[in-house]
Amino acid sequence: MKRLNELLTGEQGTVCQLEAANELLVRQCKTLGLTPGAVIEVLRQSRGTGPMQIKCEGTLYAIRSSDAALICIKVA
């Protein structure tokens with residue numbers, strides 16, 4: 001299992017869990033459909049700690065690297 005921010009461009013995986021310590025992030029992810037079982041693909045990454053662009057269930061999202069570090073992914 002990896003954290004979302006550890007995936008490379010083009011890698012896909014399935015959301016396994018969200019860190020429960022950040023309740024705001026958990027609520028935002030549920031609203032967007034980034035819930036356990038959702039398939040995610042990394043489309044682009046900024047250098048360093050910049051945001052990354054992901055695709056989840058056909059929708060594109062930008063997510064901060066710090067927030068992506070709180071999402072556990074099972075790599076496909």
Side-chain angles (χ1 to χ4, degrees):
M1 214 172 356
K2 291 184 174 183
R3 302 292 180 153
L4 179 55
N5 67 328
E6 296 172 344
L7 298 183
L8 302 174
T9 300
E11 278 192 291
Q12 293 183 355
T14 304
V15 176
C16 292
Q17 81 178 54
L18 305 170
E19 290 289 327
N22 189 334
E23 193 60 40
L24 177 60
L25 176 65
V26 171
R27 267 188 278 140
Q28 288 176 332
C29 287
K30 286 181 181 180
T31 300
L32 298 174
L34 299 173
T35 56
V39 177
I40 291 180
E41 178 182 1
V42 177
L43 300 178
R44 291 187 181 92
Q45 290 182 311
S46 297
R47 295 179 186 235
T49 59
M52 60 192 313
Q53 183 181 37
I54 61 172
K55 182 177 176 181
C56 178
E57 307 296 333
T59 303
L60 303 179
Y61 299 104
I63 186 170
R64 289 182 286 240
S65 181
S66 59
D67 289 339
L70 301 174
I71 301 174
C72 295
I73 303 291
K74 180 179 178 184
V75 179

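- Remark: Gln53 engages Arg44 in a side chain to side chain donor-acceptor pair (under 3.5 Å) (not counting sequence neighbours).
- Smallest separation of non-hydrogen atoms from Glu6 and Glu11: O-OE1, 4.4 Å.
- Glu41 CD to Thr9 OG1: the interatomic distance, rounded to the nearest 0.5 Å, is 9.5 Å.
- Distance alone, capped at 3.5 Å, is enough to place a donor-acceptor pair between the Ser46 side chain and the Pro51 backbone.
- Considering every non-hydrogen atom in both Cys56 and Gly33, the closest pair reads SG-O, 3.9 Å.
- Closest approach of Thr35 to Val15, counting heavy atoms only: O-CB, 3.4 Å.
- At least one donor-acceptor pair under 3.5 Å links the side chain of Tyr61 to the backbone N or O of Leu32.
- Leu34 places a side-chain heavy atom less than 4.5 Å from the side chain of Ile40.
- Here the closest non-hydrogen pair linking Val42 and Leu7 is CG2-CB, 3.7 Å.
- With contacts defined as side-chain heavy-atom distances shorter than 4.5 Å, the pair Lys30/Val26 qualifies.
- Atom CD1 of Ile63 is separated from atom CG of Asn5 by 9.0 Å, given to the nearest 0.5 angstrom.
- Atom-to-atom distance recorded for Leu24:CG and Cys29:SG is 9.5 Å, nearest 0.5 angstrom.
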Do any side-chain atoms of residues 67-75 form donor-acceptor pairs under 3.5 angstrom with protein atoms, and if so which ones, sequence neighbours left out?
{"from": "Asp67", "atom 1": "OD2", "to": "Arg64", "atom 2": "NE", "distance (Å)": "3.1"}
{"from": "Asp67", "atom 1": "OD2", "to": "Arg64", "atom 2": "NH2", "distance (Å)": "3.0"}

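- Taken to the nearest 0.5 Å, the CG atom of Leu60 stands 9.5 Å off from the CD1 atom of Ile54.
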Exercise. Given side-chain contact (heavy atoms from CB on, under 4.5 Å), test Val39 with Glu57 step by step and report yes or no.
Key: CA-CA 6 Å; Val39 177; Glu57 307 296 333; 4.2 Å; yes
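- Residue Ser65 holds its OG atom at 14.5 Å from CZ of Arg47, rounded to the nearest 0.5 Å.
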